[in-house]
Protein chains: 2
Amino acid sequence: MGRAASDKRERLVAAAARVLHEQGVEKTTLADIAKAAGVPVGNVYYYFKTKDQLVEAAIDAHAEGLRGLTTALDAHGGPTERLKALVAGWVDQRELAARFGCPFGSLASELDKRDDGLDRAAAHVMEELISWAEKQFREMGHDTDARELAIALVASYQGAALLTNTLRDPDVMWTQGQRITAWIDSLADHRAEEVSA
Amino acid sequence: MGRAASDKRERLVAAAARVLHEQGVEKTTLADIAKAAGVPVGNVYYYFKTKDQLVEAAIDAHAEGLRGLTTALDAHGGPTERLKALVAGWVDQRELAARFGCPFGSLASELDKRDDGLDRAAAHVMEELISWAEKQFREMGHDTDARELAIALVASYQGAALLTNTLRDPDVMWTQGQRITAWIDSLADHRAEEVSA
DNA sequence: GTCTATACGGCGATAGAC
DNA sequence: GTCTATCGCCGTATAGAC
């Protein structure tokens, strides 16, 4: 595989991730993606055998982006700061969420209607996010309910993103982000209180 | 319009609401809905001019179902009990949520990708739910932040439903329902504490 | 490797018999 | 009012020229 080939493939995947977010999986045609990537329609099949494979590549791109984010967060601060930074990143994307919802959540929601492997691929990415958050809560001293808290965190965000989108109001995400941040802070006291007690 | 006509119309709408939830809007064909309703395919157009009008009728059915639920809840107990009963109802549907997500949330999420009026129709139903919850919080003495709390409640549920669906695990909804219920209880103390203080 | 032209199937919607 | 047959479009996927 040559250099130019990889370049077009990357452009297709990047365009797919963006357009699938904006339009949804079922409404998006290969022509839409090809046009956004600046690639002739029929040529898509040189890089991807089916539309589903292109969707899967877009999911993988989300997975890599998530890994890049969590790796960057792992480099600085403590678990509480890392979780709050995660939320802050979500709040920063509130304008996008108001227009199209959470880039990955709306994708997962749509893929969940399917029986093929694509729904499980999306589930795996979501699981990675939850696991990372779970690890942070465990570091904060929440040994027994770390996973429950991680799910509560991600659920709060996903629900806030859905309402932000449905109500077309970025302020919803901002307000809920404040709530979630305060909630994380209240959990940060957990170990400190036990230690000082 | 005769009796038989209304009957078929109702069957079509009921089938549409169910199949749209299970398969999603874009993946569902008129043939799927007609088959589920026991009505010949082409005959659908006697009752609905377009597919979108049938989807809109399904949204209206959700709206009426919601109104029936809130009306029933209004008849008993105080605002705290009503909100907890609402959550309990969601938890009871956790098996369905694990398979297909929240019946209305997944619909709203998909319709949000569209420009036509259907997305606003879904938004209106979501707004009704939020407004009802807001009223309950206001009755509980949360005058200033009732709407913020109502959005937090609905968002928590919608996010929990999304993760329940993605992870294919009804226990997620059960656990998060417990959390939300405890949270409502903690808010119920609000006015009592202020009064007793 | 890249792109054009086209085959093929499916779905929304219509026409018209009964 | 009810149902069948069918049209026309569009989207995926393929064949094959360059």
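As a basis for the values below, the full set of heavy atoms in this structure was taken, side chains included, without hydrogen atoms, waters or symmetry mates. Letters A, B, ... are given to chains in the order of the sequence lines, protein chains preceding strands, and every chain is numbered from 1.
- A 4.5 Å side-chain heavy-atom check between A/V87 and A/L153 finds at least one atom pair inside the cut-off.
- A residue-by-residue look at A/T29 and A/K49 shows that A/T29 has its nearest nucleotide of DNA chain D further toward the 5' end.
- Note on ring orientation: taking the six-membered ring where Trp is involved, the planes of A/W90 and A/Y157 are parallel (angle under 30°, cut-offs 30° and 60°).
- Closest approach to the A/Y45 side chain among C/dA13, D/dT4, D/dT14 is made by D/dT14 (side chain taken as heavy atoms from C-beta onward).
- Nearest to the side-chain atoms of B/N43 among the listed nucleotides C/dA13, D/dT12, D/dT2 stands D/dT2.
- An OP1 or OP2 oxygen of D/dT2 is reached within less than 4.0 angstrom by no side-chain nitrogen or oxygen of B/Y46.
- Taking atom NZ of residue A/K27 and atom P of nucleotide D/dC10, one finds them 13 Å apart after rounding to whole Å.
- Between B/V39 and A/A31, the residue anchored nearer the 5' end of DNA chain D, judged by the nucleotide with its closest heavy atom, is B/V39.
- Distance A/F48 CZ to D/dA13 C1': 15 Å, rounded to the nearest Å.
- A/D112 and A/S109 share no donor-acceptor pair across their side chains, judged by distance under 3.5 Å alone.
- You'll find that the side chain of A/K8 is closest to C/dT2, out of C/dT2, C/dA13, D/dC3.
- The separation between B/L12 atom CG and D/dT2 atom C1' is 13 Å, rounded to whole Å.
- In this structure, the CD atom of B/E26 is 11 Å from the P atom of D/dG11, given to the nearest Å.
- Protein atom CG of A/L30 is 20 Å distant from nucleotide atom P of C/dT6, rounded to whole Å.
- Looking at A/E139 and A/R82, a side-chain N of the basic residue comes within less than 4.0 Å of a carboxylate O on the acidic one, giving a salt bridge.
- Proximity of B/Y47 to the phosphate of D/dT2: a side-chain N or O atom is located under 4.0 Å from OP1 or OP2.
- Atom CD1 in A/I33 sits about 12 Å away from atom P in D/dG11, given to the nearest Å.
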